[in-house]
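Contents: one structure, followed by commentary.
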Amino acid sequence: MKRLYRDILLIVLIPIILAVIGIGLFYKYIPDQYTTNYVESMWDKYNRLCSINEPKIVLIGDSNLAFGINSEYLEQILNEPVVNMGLHGGLGNDVQTRLAMANVNPGDIYVICYTDYGQEDVVSQKDLTLIMLSRHKEMWQELSLEQKWRLISGMPDYMFNSISYYISGRGNEPIEECHADYSYKGFNKYGDNEIRIPENDFFDFTNVESRCGIISDKTITDIRKWKQYCDDRGASLVIAGYPIVKTKIMDSEEMFSEYGEDISKKTDCLIISDFGDYIMDQDYFYDSVFHLTLEGAQHRSEILADDLMVYMDEHR
C-alpha cells in the first residue's frame with residue numbers, strides 16, 4: 001500500500017516539478033515579447049497608482065475609460081491627481097478592479113465606470129491577461145489565488161507564442177502609425193489613450209441596440225466587498241456613468257437612469273451619476289460602441305467632472 005501511495009505521489013509531483021522548471025527556464029531565457037502591446041500600458045498605470053499616496057481619484061473600468069477620458073482636464077477641474085486604470089474589456093472587471101485597489105489611501109475616491117455589470121468570470125481572456133502581467137510580479141501579487149490558478153492553464157499557449165516570436169524576431173516590433181491607437185505608445189502619463197487615427201474613425205451603428213444590461217450576483221458581491229475595503233481604509237467607492245451611444249433602437253433615458261439606481265441599490269454603493277446623462281450622439285464615438293473620439297472623451301469628462309464636484313462638495 002505504501003508503494004501505491006508513493007507511485008501516486010510521484011505521478012502527481014513529477015509533472016508539477018517539470019512545469020515549474022519549464023516556466024522558470026522560460027522566464028529566465030526568453031525576454032518579454034509584448035513590450036509594445038496595448039495592454040503593456042497597465043504597468044505604467046499601476047506604477048502611477050502606487051506612486052500617489054495623497055488623496056486621488058481612481059477610475060475603474062475597461063476600454064471605455066482608456067478611450068473615453070481626459071484625465072488632465074479632470075485634474076485641473078477637481079484639483080486632485082487622477083489615475084485612469086481602465087484598459088480592456090477582455091481583462092474583465094475583476095482583474096482590473098484588483099489592480100486598481102493596490103494603493104488605497106485615506107481620502108481617495110474610487111470611481112467604478114463598468115460597461116458590463118453582468119460578468120461572472122474571475123478571469124476573462126487568459127492570453128490577454130498573461131500578456132499584461134508579463135514579468136511584472138508586483139501585479140501578479142494583486143490577483144487572487146483562484147485567478148492565478150486559472151491563468152496557469154493558459155501558460156503553455158503564452159510560452160509557445162512568446163518563444164515563436166522570439167525565434168522569428170517578430171516580438172516587440174515597432175508599431176506602425178496606422179495601429180498606434182491600439183499600442184503601448186497610445187497612452188499618456190495619466191493612463192488615457194490619446195491617439196485617434198482618422199482612417200479608423202468609423203463604426204456602423206445601423207444594427208446596434210443600446211440596452212440596459214443585467215446585474216450579476218458576482219458583480220453585486222464584488223462591489224460590496226470593494227466598498228467595504230475602501231471604507232476600512234478611509235477611502236470612498238462610488239459608481240459613475242459610462243458612454244451610451246444614441247441609436248434608433250434603444251432603451252429610454254428614464255430606463256437607463258433607473259438601471260443605474262438599481263445597480264446602486266443592489267450593491268449598497270452610492271451612484272453619483274444619472275446614467276441617462278451619458279447618452280451621447282454617434283459623432284462622439286470612435287470605432288466601437290464604447291470608444292470615444294477626443295471630442296467625445298472631453299464631453300464625457302465634463303459630465304463626470306460635474307458629478308464628482310457635486311459628490312466632493314457634499315462628502316469632503
Side-chain angles (χ1 to χ4, degrees), residues 38-49 52 56-75 77-78 80-102 108-117 119 124 128-129 132 139 181-184 186-196 213 219 222-223 226 237-245 260 263 269 271-273 275 277-280 284-308 311:
Y38 173 90
V39 295
E40 176 65 18
S41 61
M42 182 61 86
W43 179 233
D44 289 344
K45 293 170 179 275
Y46 179 83
N47 281 322
R48 175 172 170 79
L49 174 78
I52 303 174
K56 57 187 176 291
I57 296 167
V58 182
L59 307 178
I60 310 172
D62 50 32
S63 59
N64 88 89
L65 289 173
F67 283 90
I69 286 292
N70 183 342
S71 294
E72 184 176 11
Y73 169 80
L74 289 179
E75 277 200 358
I77 295 296
L78 303 174
E80 288 195 8
V82 174
V83 186
N84 184 348
M85 292 296 289
L87 187 56
H88 196 297
L91 297 171
N93 293 339
D94 202 333
V95 168
Q96 289 174 110
T97 303
R98 283 184 177 276
L99 293 175
M101 294 292 173
D108 288 350
I109 301 176
Y110 277 74
V111 186
I112 288 178
C113 302
Y114 296 162
T115 57
D116 180 3
Y117 286 84
Q119 292 189 12
S124 294
L128 194 68
T129 306
M132 176 197 69
M139 293 201 298
D181 49 349
Y182 283 91
S183 72
Y184 173 76
F187 289 84
N188 62 23
K189 69 177 183 178
Y190 302 99
D192 307 339
N193 190 309
E194 57 183 3
I195 293 181
R196 303 294 188 274
T219 296
D222 286 350
I223 291 179
W226 291 121
L237 180 69
V238 298
I239 296 170
Y242 60 91
I244 302 167
V245 62
I263 294 169
C269 186
I271 185 169
I272 63 171
S273 301
F275 277 14
D277 292 344
Y278 288 76
I279 296 174
M280 301 165 63
Y284 279 132
F285 288 79
Y286 179 52
D287 63 349
S288 83
V289 293
F290 296 124
H291 295 179
L292 302 177
T293 62
L294 294 178
E295 293 77 15
Q298 179 62 32
H299 177 65
R300 188 260 190 101
S301 299
E302 291 171 3
I303 301 172
L304 180 59
D306 289 342
D307 291 341
L308 282 167
Y311 172 78

Give a yes-or-no answer on whether the side chains of Thr219 and Tyr114 include a donor-acceptor pair shorter than 3.5 Å. no

Side-chain donor-acceptor contact under 3.5 Å, Asp44 with Tyr184: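 The answer is yes; a qualifying pair exists.
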
With sequence neighbours excluded, residues passing side-chain contact (heavy atoms from CB on, under 4.5 Å) with [X]:
X: Asp306; value: Met309
X: Glu75; value: Arg48, Pro81, Val82, Tyr190
X: Ser273; value: Ala240, Tyr278, Asp307
X: Asp62; value: Asn64, Gln96, Thr115

Whether Tyr182 and His291 hold their rings parallel, tilted or perpendicular, with breakpoints at 30° and 60°: tilted

Angle between ring planes, Tyr242 versus Phe275, binned at 30° and 60°: parallel, tilted or perpendicular?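 Perpendicular, since the angle between the ring planes exceeds 60°.
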
Checking [X] now: which residues fulfil side-chain hydrogen bond (donor to acceptor under 3.5 Å, both in side chains) with it, not counting sequence neighbours?
X: Asn47; value: none
X: Tyr46; value: Glu142
X: Ser183; value: none
X: Gln298; value: Asn70, Glu302

Test side-chain hydrogen bond (donor to acceptor under 3.5 Å, both in side chains) on Tyr38 and Asp181 and set out the steps. CA-CA 8 Å; Tyr38 173 90; Asp181 49 349; over 6 Å; no

Sub-4.5 Å side-chain heavy-atom contact between [X] and [Y]:
X: Thr129; Y: Val39; value: no
X: Val111; Y: Ile60; value: no
X: Tyr110; Y: Met101; value: yes

Once ring pair (Phe, Tyr, Trp, His ring centres under 6.0 Å) is applied, do any residues pair with Tyr311, and if so which ones, sequence neighbours excluded?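 By the ring pair (Phe, Tyr, Trp, His ring centres under 6.0 Å) rule, Tyr311 matches His315.
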
Measure across Gly186 and Ile195 and return the closest heavy-atom pair with its distance rounded to 0.1 Å.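 Residues Gly186 and Ile195, closest heavy atoms: CA-CD1, 3.7 Å.
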
Salt bridge (charged side-chain N to carboxylate O under 4.0 Å, His left out) pairs, two or more places apart, involving residues 88-100: Asp94-Arg98, Asp94-Lys218

Which residues pass the salt bridge (Lys or Arg N to Asp or Glu O under 4.0 Å) test with Asp108, not counting sequence neighbours?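 Applying salt bridge (Lys or Arg N to Asp or Glu O under 4.0 Å) to Asp108 gives Lys56.
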
Salt bridge (Lys or Arg N to Asp or Glu O under 4.0 Å) partners for Glu80, two or more places apart: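 Listed in chain order: Arg316.
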
